Amino acid sequence: MILEILLFSLIVFIPLVALIRIRRKSWSNKPPRSRNTANIHAMIVLGSGGHTSEMFKFASTLDWRIFRRVTYIVADTDKDSAGKAEQFMKSLNQSPPFEIVRIPRSREVGQSYVSSVFTTIKAGLFSVKLMFQSRPDLILSNGPGTCVPICSLGIAFQMFGIHNTVVVLSESYACVKHLSVTAKILRRFVDIFFVQWPNLLQVAPRAVYSGRLPESAEQDRATKAKNKDKADDRLGYVLVTVGSTKFDDLIQAVDSVQFAEAASKLGFSGIHVQKGRGDYAPKVLPAMKRADFDIKIFEFTNNWEAEVVGSSLVIGHAGAGTILDSLEKGKAIIVVPNTKLMNNHQVDIAEELANRGYVTIASPAALTSTLMTLEIFDLKAFPQRESQVFKTHIESKLNITQV
């Protein structure tokens, strides 16, 4: 993703920066145009996995009556986000007309640097055509590389008077201590830049804090709200998940007689394992299935919410989407960061939430012992919804006069 962003920056974004600096004063002093309700064309850029899940959490706070049309942007190799967008729109009480547009991905994982130059140019040209056809009033994104050409063009539209496009970038929950590459490129030029962790205000002073938790970790730790109490002697199952990625070390750690016996001894009704795209397939757990102890192994599911709701404990990688989905539904969670991933975002978010009392951290090697000693119902309750800051700032920037 880093190369993808840098290449597009050389082709399109960096040449705009000089022009932005020249015209920035007159551009920023323009009075906002008043808009009536149900008159906004929104373009929402979806990433994959956690990025998409987070975007819908942010979007759920908005008043959807202000939109006359919504265009979702999805990378052409993203297999999941389009379906999630359709499910989200069906869940709304008043759903505006919407479309899902697929755009070329600038660079695939493992693609050669030479060939990625041409795919990046292709993605940029496709984005130009799409933006001139759509001319959105609002662009929402939370940081996938796919958003860079779209957001850059939205900024250019506003600057040169082509269209009054408001560009909003929300940093991912996964970025706790460091900004993403996308944010480093775009944050000074977008209309609103949201961050989910107060630490980032030190490196981006103009950002708006829209996170759910108190800005002070000390204040957060002082709260005494607990997760839901154990209601029955019989617990639900343990849900093990790796999200949209692969994390074979975690799957191997739960695929053991010791882990299954520990879960059964603690009163759990079974173990459900979502193994994702990993190469390792559990070999031990299937033989541990009994009438009173269910074992289920699957790669992905179309009914993820039901899997989370039916569990009593989630053990997952430290992806922001997995953590938020679990905490929102009042589930105790053991977070197992995948330290092989770059930038250590998983370690950062896991440590921050553990420090605040919301999750327990374990390594794959220590997972069974952590399970045996864990007081799973002694974790704090997590705020169920995003704050209203996202909604109020966007509506203010759009200068909505009626809702």
Side-chain angles (χ1 to χ4, degrees), residues 1-4 47-54 77-81 108-110 142-145 171-182 196-197 199 238-256 259 271-285 297-301 304 307-308 311 313-327 331-356 358-371 374 379:
M1 186 186 76
I2 294 176
L3 179 64
E4 153 189 337
S48 57
H51 277 292
T52 293
S53 297
E54 286 184 49
T77 55
D78 185 342
K79 298 179 181 179
D80 304 318
S81 293
E108 295 287 355
V109 176
N142 64 330
E171 186 66 291
S172 169
Y173 268 100
C175 296
V176 178
K177 299 178 181 178
H178 310 286
L179 295 175
S180 64
V181 176
T182 300
Q196 312 312 315
W197 297 100
N199 306 336
V238 177
L239 174 61
V240 181
T241 175
V242 302
S244 61
T245 62
K246 59 169 64 177
F247 191 5
D248 284 347
D249 288 350
L250 173 57
I251 303 303
Q252 290 177 353
V254 302
D255 186 33
S256 70
F259 182 84
I271 302 171
H272 290 192
V273 179
Q274 182 262 319
K275 75 180 203 69
R277 294 183 170 87
D279 299 320
Y280 182 82
K283 304 174 179 63
V284 176
L285 285 180
I297 314 292
F298 57 98
E299 292 184 1
F300 300 99
T301 176
W304 170 248
E307 283 290 336
V308 177
S311 69
L313 172 66
V314 176
I315 298 175
H317 73 143
T322 295
I323 294 173
L324 294 177
D325 285 345
S326 303
L327 292 177
K331 303 302 175 181
I333 179 169
I334 301 176
V335 175
V336 186
N338 187 349
T339 57
K340 295 180 180 178
L341 298 179
M342 67 177 184
N343 297 327
N344 272 339
H345 285 320
Q346 289 206 358
V347 174
D348 289 345
I349 189 173
E351 289 180 346
E352 183 70 22
L353 286 170
N355 183 41
R356 290 171 177 255
Y358 293 103
V359 306
T360 297
I361 301 179
S363 66
L367 189 54
T368 300
S369 60
T370 301
L371 178 65
L374 180 66
L379 297 171

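Positions are given from 1, in the same order as the sequence printed here. This structure is a prediction, so every number in the text was calculated from the model and none was measured.
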Below 4.5 Å, heavy atoms only, C-beta onward: do Leu367 and Val254 meet side chain to side chain?
-> yes

Measure the OG1-CG distance between Thr52 and Asp78 for me, rounded to the nearest 0.5 Å.
-> 5.5 Å

Under the side-chain hydrogen bond (donor to acceptor under 3.5 Å, both in side chains) rule, collect the residues that match up with Ser53, sequence neighbours excluded.
-> none

Begin from the C-alpha positions of Ile315 and Leu250 and carry the test side chain to side chain contact (heavy atoms under 4.5 Å, CB included) through to its verdict.
-> CA-CA 9 Å; Ile315 298 175; Leu250 173 57; 4.1 Å; yes

Flag side-chain contact, heavy atom, 4.5 Å: Leu285 against Val273 | yes

Heavy-atom side-chain proximity of Phe259 to Val284 below 4.5 angstrom = no

Would a distance-only check, ignoring hydrogens and angles, find a side-chain to backbone donor-acceptor pair under 3.5 Å from Lys331 to Ser311?
-> yes

Derivation of the side chain to side chain contact (heavy atoms under 4.5 Å, CB included) call for Phe300 and Arg277 = CA-CA 9 Å; Phe300 300 99; Arg277 294 183 170 87; 3.6 Å; yes

Work out which heavy atom in Pro364 is nearest to a heavy atom in Phe247; give both atom names and the distance.
-> CG-CZ, 4.3 Å

Please check if the side chain of Gln346 supplies one atom and the backbone of Thr339 the other of a donor-acceptor pair under 3.5 Å.
-> no

Shortest non-hydrogen contact from Val359 to Ala350?
-> CG2-O, 3.8 Å

Show your working on side chain to side chain contact (heavy atoms under 4.5 Å, CB included) between Thr360 and Thr370 and close with a plain yes or no.
-> CA-CA 9 Å; Thr360 297; Thr370 301; 4.0 Å; yes

Looking at side-chain heavy atoms only, is the closest gap between Ile349 and Val335 below 4.5 Å?
-> no

Any side-chain heavy atom of Tyr173 within less than 4.5 Å of one from Ile323?
-> no

How far apart are the closest heavy atoms of Ile251 and Pro282, and which atoms are they?
-> CG2-CG, 3.8 Å

Test side-chain hydrogen bond (donor to acceptor under 3.5 Å, both in side chains) applied to Glu351 - qualifying residues, sequence neighbours left out | none

Check side-chain contact (heavy atoms from CB on, under 4.5 Å) between Ser172 and all other residues, then give those that pass, not counting sequence neighbours.
-> His51, Glu54, Ala174

Looking at CD1 of Ile334 and OG of Ser363, how far apart are the two atoms once the value is rounded to the nearest 0.5 Å?
-> 11.0 Å

Counting N and O atoms only, with roles assigned by atom type, does the side chain of Gln274 sit under 3.5 Å from a partner on the main chain of Glu299, one being a donor and the other an acceptor?
-> yes

Please name all residues satisfying side-chain contact (heavy atoms from CB on, under 4.5 Å) with Glu307, sequence neighbours left out, ordered by chain then number.
-> Tyr237, Leu239, His272, Lys296, Phe298, Thr301, Trp304

Say whether, by atom type as modelled, one donor and one acceptor occur between the side chain of Asn338 and the main chain of His317 under 3.5 angstrom.
-> no

Test side-chain hydrogen bond (donor to acceptor under 3.5 Å, both in side chains) applied to Asp255 - qualifying residues, sequence neighbours left out = Tyr280

Check: Thr241 and Val308 side chains under 4.5 Å, non-hydrogen atoms = no

For Pro337 against Ala318, the heavy-atom pair lying closest together = CA-CB, 4.0 Å

side-chain hydrogen bond (donor to acceptor under 3.5 Å, both in side chains) partners of Asp249, counting only residues at least two apart | Lys340

